[in-house]
K.L.:
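Structure below; questions to follow.
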Amino acid sequence: MTTTPLPAGIDFLEVHHLRLSEVEAPRLSPSDEAARDRAWNTAIQANPSLFDGPVVACAGMSWEGPGSLALYWARVTYRYYALRRVPGNTSWLPSLFVNVVQPTISGGLLVARMSASTAAPGRWQLPGGSLGDWCYSCDLAVGPFPVPG
C-alpha cells in the first residue's frame, strides 16, 4: 500500500480518551500587553467589524497513558491572537478549534463559507467553533462510534 506523507507540522494522534481541563492563561509581560494592544488596534482600523469576543486557546497537552490524552485550555479573547502579528513574539498560545464532519441525507457533506468579517472571507470549511463554557473540565470518549443500523 502506498501512503502519502503528511505535510510538515501535521500529525495524527491515536487517542481513545480525551480529558479537557481549563487552566489560567499565561500572564503577559507589560511589553507583550502593549504590543498586543497595538497590533489589535491596527487590526481594528483595517477591519472595524472585528470584535474582542471570548475564545479558548490550547495551553498544552500531555499523554496520560497509551491512547489517553490530556488537553489544557485557557480562556482568552480574540485580542490575544493579535500577538501572532507581532514579529518575534512567542508568548501567544495556539487556537483550539473544533470541526464537525456532517454528512447529509443525500450523501453530501455540510460545509460553510466564512463571512466577510473573518480572517479568511469566503473560505469553505467544515462547520465548527471554539470550545466554550460548556466544558470547564470534562472527559470525552473519542470515536470511532458505531453507526445505528
Side-chain angles (χ1 to χ4, degrees), residues 3-104 108-145:
T3 60
T4 303
L6 294 172
I10 296 179
D11 290 317
F12 286 103
L13 306 176
E14 187 171 339
V15 177
H16 301 283
H17 183 262
L18 176 65
R19 184 172 59 84
L20 300 175
S21 294
E22 182 179 9
V23 297
E24 288 292 319
R27 293 262 182 232
L28 297 176
S29 70
S31 63
D32 283 344
E33 284 185 12
R36 176 204 59 199
D37 292 344
R38 282 191 304 275
W40 179 252
N41 290 335
T42 299
I44 286 180
Q45 288 172 359
N47 184 354
S49 63
L50 292 176
F51 65 101
D52 196 17
V55 293
V56 296
C58 180
M61 63 183 197
S62 62
W63 290 103
E64 296 186 321
S68 184
L69 185 70
L71 190 140
Y72 307 99
W73 63 275
R75 294 171 193 251
V76 296
T77 65
Y78 282 107
R79 173 186 304 258
Y80 183 84
Y81 291 117
L83 284 169
R84 293 176 179 172
R85 303 201 182 276
V86 176
N89 188 288
T90 59
S91 62
W92 56 274
L93 298 174
S95 300
L96 185 57
F97 194 84
V98 177
N99 287 103
V100 177
V101 176
Q102 178 63 54
T104 65
L109 181 66
L110 180 64
V111 293
R113 288 192 89 168
M114 294 179 70
S115 74
S117 63
T118 63
R123 176 189 293 165
W124 288 98
Q125 67 179 22
L126 296 170
S130 295
L131 293 173
D133 291 341
W134 63 269
C135 182
Y136 296 108
S137 182
C138 57
D139 288 326
L140 302 174
V142 179
F145 299 105

K.L.:
About how many Å separate CZ of Arg36 and OG of Ser29, when rounded to the nearest 0.5 Å?
P.N.:
10.0 Å
K.L.:
Could you state the interatomic distance from CG (Asp32) to CG (Asn89), rounded to the nearest 0.5 Å?
P.N.:
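Answer for the CG-CG pair, Asp32 versus Asn89, is 4.5 Å.
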K.L.:
Which residues pass the salt bridge (charged side-chain N to carboxylate O under 4.0 Å, His left out) test with Glu64, sequence neighbours left out?
P.N.:
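Partners of Glu64 by the salt bridge (charged side-chain N to carboxylate O under 4.0 Å, His left out) criterion, ordered by chain and then number, come out as Arg19.
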K.L.:
Could you check whether any side-chain heavy atom of Val55 comes within less than 4.5 Å of a side-chain heavy atom of Ser95, counting everything from C-beta outward?
P.N.:
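When only atoms from C-beta onward are counted, Ser95 and Val55 do not touch, as no gap falls below 4.5 Å.
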K.L.:
Got a sec, which residues hit side-chain hydrogen bond (donor to acceptor under 3.5 Å, both in side chains) with Glu24, two or more places apart in sequence or on another chain?
P.N.:
none
K.L.:
Taking side-chain hydrogen bond (donor to acceptor under 3.5 Å, both in side chains) as the definition, give me every residue that meets it alongside Thr90, ordered by chain and number, with sequence neighbours left out.
P.N.:
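Thr90 satisfies side-chain hydrogen bond (donor to acceptor under 3.5 Å, both in side chains) with no other residue.
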K.L.:
Indicate the atoms forming the closest heavy-atom contact of Cys58 with Leu93, along with that distance.
P.N.:
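Heavy atoms only, the tightest pair is O-CB, 3.5 Å.
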K.L.:
Test of understanding: with side-chain contact (heavy atoms from CB on, under 4.5 Å), list the residues that count as partners of Ser62, not counting sequence neighbours.
P.N.:
Ala70, Tyr72
K.L.:
Run the salt bridge (charged side-chain N to carboxylate O under 4.0 Å, His left out) test against Arg79 and tell me which residues pass, sequence neighbours left out.
P.N.:
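Listed in chain order: Asp37, Asp52.
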K.L.:
To the nearest 0.5 Å, what is the distance between CG (Leu50) and CD (Gln45)?
P.N.:
11.5 Å
K.L.:
Compare all side-chain heavy atoms of Trp63 with those of Leu69 and state whether any distance is below 4.5 angstrom.
P.N.:
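The answer is yes, as the side chains (C-beta and beyond) meet within the 4.5 Å cut-off.
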K.L.:
Considering only heavy atoms from C-beta outward, does the side chain of Trp92 approach that of Val86 to under 4.5 Å?
P.N.:
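Trp92 vs Val86: side chains apart.
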K.L.:
Does any pair with a residue in residues 20-56 pass ring pair (Phe, Tyr, Trp, His ring centres under 6.0 Å), and if so which ones, sequence neighbours excluded?
P.N.:
Phe51-Tyr78
K.L.:
Looking at residues at least two apart in the chain, or sitting in another chain, which of them share a side-chain hydrogen bond (donor to acceptor under 3.5 Å, both in side chains) with Arg38?
P.N.:
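If we apply the side-chain hydrogen bond (donor to acceptor under 3.5 Å, both in side chains) test to Arg38, skipping adjacent residues, there are no hits.
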